[in-house]
Amino acid sequence: MAEYFGTNGVRGKFDKLNPELALEIARATGEYFKRGKIIIARDGRLTGETLRNAVVAGLMGVGCEVVDVGIAPSPVVEFLIKKEKADAALIITASHNPPEWNGIKVIDGKGISISKERGEEIEELMGRTENAEWNKTGEFCKCGDFIREYLEAVKKHVDIDKITKRKPKLVLDCGNGTAPVIAPVLFKELGCEVVLINERIDGRFPGRPSEPSEENVKELIERVSKEKADMGVAWDGDCDRVIIVDEKGGYVIGDKVFAICEILKLKEKKGDVVTTVATSKAIEDIADKFGVKVRYTKIGAPYLSEEMAKGKAVIGGEEVGGIILPEISLAKDGFSSIAKIVEALSHKKASEMAAEVPSYVNVKEKIPADDLKKREIVEKMKKYAKENSLDFIDIDGVRVNLEDGWIIVRGSGTENYVRIFAESKTEEKAKEYLEEYKKIIS
Ligand code: MG
């Protein structure tokens, strides 16, 4: 089992993820990518510069060439990998976690983030790397105008004339994360009127916590009404996740934002939809309507990107509002996805787009269980599903598809719990499923 790598890179507070560990991980990662060309970037966290310097020293010490992007949103770095013909990228970010946290996301040359399984291979190299010869330590350079390249790529896929004619007014809540590097200039250049809040990059996150949950974006909701804006947008710290607020001040949760993008993309072009086994049935309902297939993956960004890399999908996404548009990259991107929604504002209100998404309610519970019990419970669920000829998916826990929803039973990868999620048309029905299946597996 990987000791440091989780579902999306390494995460920890500074007492765990310190410069010493960052250096060792960077050395092993450099070795894993055959001492090639590596892009590095970070978010604005207070420990970012220290960890970055350790990562640069580690990579160059084993002979990697380092291209430094500075402070940048994750999707921009992930987009740059192909452009720069890099072998990998390391992003020093803890995404939506509290300020005392930091992390290292590792992405390979195709733009696929490193899963726990591949992280284990990197960890096997820790403590076993050798320094390069004195005249073969890596070179270091600053990346050129990467912002412009990314902006142009996003702009190429939307109709700017349409947006300019409508000139929608947007309130952008940058949440003191990395969004200000891209968001203000992108949406102005797309033809929007832009109002900014929490637009100073600040690793203390004084404006709001980094996770764009409904309770954390109260200020945005108020501001959308006050400004009579067409839409509000809020990102997490590294901008791979995004939520919107409609013109009436309604909070649109991440999986609904994904569903809105799914509808917009499928209207343009038919193709498969990739999502995790914990995503709302709304995604499948929409795919059915357009006559396309949903391909399910394990929970976690790396698995989504791995599946997207196989091709034939027009969109990928996960329940918390991470959306992948393959014309940009294989990574979750909170800017290109919003650009598509902004384009659609030319003929539809944000609240109308949200209303088009089939509505489901999700309920969750966790049962304490050690590793042995986790396996037992999941096996029991699988046996029940098999014996009763139910429609089920067992790539990550067991998900049973029901007529008006689904239920998933899954052992947590990091904690001593089995998690049960149930979804249905009403809260009452979802709770009913949850209770029914709790009895079955206990
Ligand atoms: Mg994130």
Side-chain angles (χ1 to χ4, degrees), residues 5-13 17 39-45 47-48 51 69 71-81 89-107 111-116 119 150 172-183 198 201-203 205 207-214 216-217 220 233-244 253-255 257-258 261 275-276 278-279 299-305 308 316-325 328-338 413-414:
F5 276 81
T7 41
N8 197 358
V10 180
R11 291 274 169 92
K13 294 184 186 172
L17 180 53
I39 298 178
I40 60 148
R42 67 176 180 97
D43 65 14
R45 286 168 192 269
T47 55
L51 294 175
V69 165
I71 293 182
S74 297
V76 179
V77 182
E78 287 159 320
F79 160 80
L80 280 174
I81 294 175
L90 267 66
I91 310 172
I92 295 136
T93 177
S95 185
H96 59 279
N97 288 135
E100 63 274 23
W101 286 72
N102 216 329
I104 305 175
K105 280 190 185 181
V106 181
I107 304 111
I112 301 171
S113 47
I114 296 297
S115 62
K116 219 173 178 168
Y150 176 78
L172 308 179
D173 181 353
C174 300
N176 305 116
T178 54
V181 175
I182 295 295
N198 302 317
I201 298 174
D202 188 334
F205 299 98
R208 64 162 167 89
S210 193
E211 167 126 45
S213 62
E214 185 167 5
N216 290 345
V217 299
L220 173 66
V233 187
W235 291 269
D236 78 329
D238 70 329
C239 309
D240 59 351
R241 281 171 48 190
V242 67
I243 62 92
I244 63 171
I253 200 166
D255 65 357
V257 180
F258 171 32
C261 285
T275 194
T276 78
T279 306
I299 298 166
Y303 308 115
L304 276 178
S305 298
M308 290 299 290
E318 60 176 6
E319 64 285 4
V320 285
I323 300 152
I324 303 173
L325 298 181
I328 303 292
S329 77
L330 296 175
K332 299 183 294 173
D333 183 337
F335 301 117
S336 58
S337 47
I338 293 300
T414 48

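Whatever order the structure lists them in is the order used to number ligands and atoms, beginning at 1. Each residue takes its place number in the sequence, starting with 1. Since this is a predicted model, take the numbers as computed values, not measurements. Quick note: numbers below take in every heavy atom, side chains included, and nothing from hydrogens, waters or symmetry partners.
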Practice prompt. Mind running salt bridge (charged side-chain N to carboxylate O under 4.0 Å, His left out) on R241 and E211 for me, showing each step along the way?
Written response: CA-CA 9 Å; R241 281 171 48 190; E211 167 126 45; 2.7 Å; yes

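Shown here are the ring-ring contact (aromatic ring centres under 6.0 Å, His included) partners of F335, two or more places apart in sequence or in another chain: W235.
T47 and N102 share a side-chain donor-acceptor pair at under 3.5 Å. No side-chain N or O of S210 forms a donor-acceptor pair with one of D236 less than 3.5 Å apart.
The residue from N216, N198, V233 that alone fulfils the side-chain contact (heavy atoms from CB on, under 4.5 Å) condition with D173 is N198. Just one residue in the list D333, D238, I107 forms a side-chain contact (heavy atoms from CB on, under 4.5 Å) with S74, and that residue is D238.
Note on the Mg ion (ligand 1): protein N, O or S atoms under 2.8 Å away count 4, no waters included.
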